[in-house]
Amino acid sequence: MSESNQEHLQATFDARVAAESRIEPRDWMPDDFRKSVLRQMSQHAHSEVIGMQPEGNWITRAPTLHRKTILMAKVQDEAGHGLYLYSAAETLGTSRDDMIAALHAGKAKYASIFNYPSLTWADIGAIGWLVDGAAIVNQVSLQRTSYGPYARAMVRICKEESFHQRQGYQIMMVLARGSEEQKAMAQDALNRWWWPSLMMFGPHDAESAHSAKSMQWKLKRESNDTLRQRFVDQTIPQAELIGLTVPDPDLKWNEERGAYDFGEIDWEEFMQVISGNGPCNKQRLDHHIAAKENGQWVRDAMAAYEEKRRARREAA
Ligand code: 3HC
């Protein structure tokens with residue numbers, strides 16, 4: 001491609017981003033933009049699917065049929081979110097198989113939060129309230145991302161996430177207003193899930209490898225720290241309302257900033273978890289690999305059935 005043609009294409013891309021027009025699959029885009037969108041979307045899709053494991057672990061142990069049906073609905077939603085995102089990511093010219101192969105080879109990440117164990121029923125409340133709550137803050141912002149298919153997938157996902165967050169908070173509210181043991185279980189879950197939820201927003205802006213470029217491309221519309229602060233500011237009053245204490249001795253309302261000051265995240269823990277050394281990393285990936293292998297016969301049967309239908313159509 002000639003230099004001037006490349007420059008023209010780049011100028012057209014830049015103008016579209018500047019004008020807040022969405023970049024669509026058929027539009028020309030710089031290779032590094034395509035690579036970064038695929039990186040983030042595929043990891044987002046992996047997160048949705050792997051995130052089914054800690055909650056799926058409690059479907060057979062939910063305390064009532066009512067809770068069981070709600071949890072089943074939520075876990076099914078997460079599977080659907082994964083499928084939307086894999087389909088949206090495939091518009092970038094890669095296949096679901098390639099994305100999943102990268103995950104299994106340790107070349108692609110998924111959200112750090114899902115490498116923590118779900119030890120009690122209160123964890124299901126904390127996951128809905130805090131993890132889905134954090135995901136909503138991030139995903140509402142991503143509804144304005146510059147890559148069209150990603151932005152549109154977010155609109156549908158955000159609608160379902162709101163139900164996820166409400167049902168989790170309601171579980172925590174019931175426990176916090178229950179017996180002493182139930183309140184202690186809810187507080188224990190908050191103690192264990194609070195800091196890993198703050199890690200979901202990624203490193204501080206100054207340490208973020210991708211933020212500068214992602215913001216320039218309007219792939220990322222608000223910074224990691226901005227979204228993290230928004231999550232903290234909206235969640236503290238919710239904890240106070242149900243009488244739970246956020247495990248951060250440095251937490252303090254800052255009148256001047258109109259926001260909460262809060263303590264420092266354990267970035268060593270964060271780096272360990274995203275490098276594969278978290279409490280459940282091996283378990284999560286082994287489970288995902290086994291599920292793919294155990295489901296191979298279904299994919300083979302579907303492919304054989306499709307092949308037979310195609311042959312019949314051609315013979316007709
Ligand atoms: N978990 C795992 N890896 C993380 C991470 C986290 N919480 N935060 C950052 N990282 C990784 C990044 O992927 C990047 O590594 P890479 O180059 O190998 O991809 C590295 O750390 C540097 O971080 P950056 O901040 O520079 O990376 P990003 O600009 O991509 O920002 C992000 C990180 C904010 C997570 C961004 O990728 C994003 O917004 N992703 C989409 C949202 C998402 O993936 N959410 C996952 C949760 S899904 C969910 O919660 C399901 C819900 O229904 C329960």
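Along the sequence shown, the residues carry numbers beginning at 1.
- For the residue pair Gln143 and Gln139, no side-chain donor N or O sits within less than 3.5 Å of a side-chain acceptor on the partner.
- Side-chain atoms of Arg221 and Val140, non-hydrogen and from C-beta on, never get closer than 4.5 Å to each other.
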Q. Run the side chain to side chain contact (heavy atoms under 4.5 Å, CB included) check on Ser208 and Lys220 step by step: do they pass?
A. CA-CA 12 Å; Ser208 165; Lys220 185 181 273 189; 4.1 Å; yes
Exercise for the section: For the pair Gln40 and Leu142, evaluate side chain to side chain contact (heavy atoms under 4.5 Å, CB included) and give the outcome as yes or no after the intermediate values. Expected result: CA-CA 11 Å; Gln40 179 165 328; Leu142 277 172; 3.6 Å; yes
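- Using modelled atom types, one finds no donor on one side chain facing an acceptor on the other under 3.5 Å when comparing Asp132 with Gln165.
- The cluster map of Ile, Leu, Val, Met, Phe, Trp and Tyr, joined by side-chain heavy atoms under 4.5 Å apart, puts Leu83 and Phe114 in different clusters.
- Inter-residue side-chain proximity for Glu222 and Arg144 is flagged as met; some heavy-atom pair is nearer than 4.5 Å.
- Between Glu24 and Pro149, the closest side-chain pair of non-hydrogen atoms falls below 4.5 Å.
- Among all heavy-atom pairs drawn from Ala186 and Met172, the shortest one is O-CE, 3.4 Å.
- Side-chain contact between Trp217 and Ile23 is absent, with no heavy atoms from C-beta onward closer than 4.5 Å.
- Checked against Phe33 for a ring-ring contact (aromatic ring centres under 6.0 Å, His included), the options Phe13, Tyr150, Trp28 give a single hit: Phe13.
- In this structure, the side chains of His46 and Lys109 stay at 4.5 Å or more apart for every pair of heavy atoms.
- In this structure, Arg67 CZ and Leu65 CG are separated by 12.0 Å, a value rounded to the nearest 0.5 Å.
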* side chain to side chain contact (heavy atoms under 4.5 Å, CB included) between Tyr86 and Glu48, worked out -> CA-CA 10 Å; Tyr86 282 127; Glu48 298 281 2; over 6 Å; no
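- Residues Tyr116 and Arg192 bring no donor and acceptor atom of their side chains to less than 3.5 Å of each other.
- When side chains are defined from C-beta on, Met200 does not count as touching Asn138, because their heavy atoms never get closer than 4.5 Å.
- Residue Gln182 holds its CD atom at 6.0 Å from CE of Met185, rounded to the nearest 0.5 Å.
- Side chain to side chain, Gln10 and Asp14 meet the donor-acceptor criterion of an N or O pair below 3.5 Å.
- Side chain of Lys68 to main chain of Ala62: no donor-acceptor pair is present (N/O by atom type, distance under 3.5 Å, no hydrogens or angles).
- Between Lys74 and Ile70, the closest side-chain pair of non-hydrogen atoms is not below 4.5 Å.
- No side-chain donor from either of Thr145 and Arg22 sits under 3.5 Å from a side-chain acceptor of the other.
- Contact detail for Ala259 and Asp233: the closest heavy-atom pair is CB-OD2, 3.3 Å.
- Here the side chains of Leu92 and Met29 are in contact, with some heavy-atom distance below 4.5 Å.
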message = Using the rule given for side chain to side chain contact (heavy atoms under 4.5 Å, CB included), can you reason through Phe231 versus Ile136, listing the C-alpha separation, both sets of side-chain angles and the distance that settles it, and then say yes or no?
response = CA-CA 9 Å; Phe231 171 71; Ile136 292 173; over 6 Å; no
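- Using cut-offs of 30° and 60° on the angle between ring planes, the pair His81 and Tyr84 is parallel.
- The closest side-chain donor-acceptor pair between Asn57 and Gln53, if any, does not fall under 3.5 angstrom.
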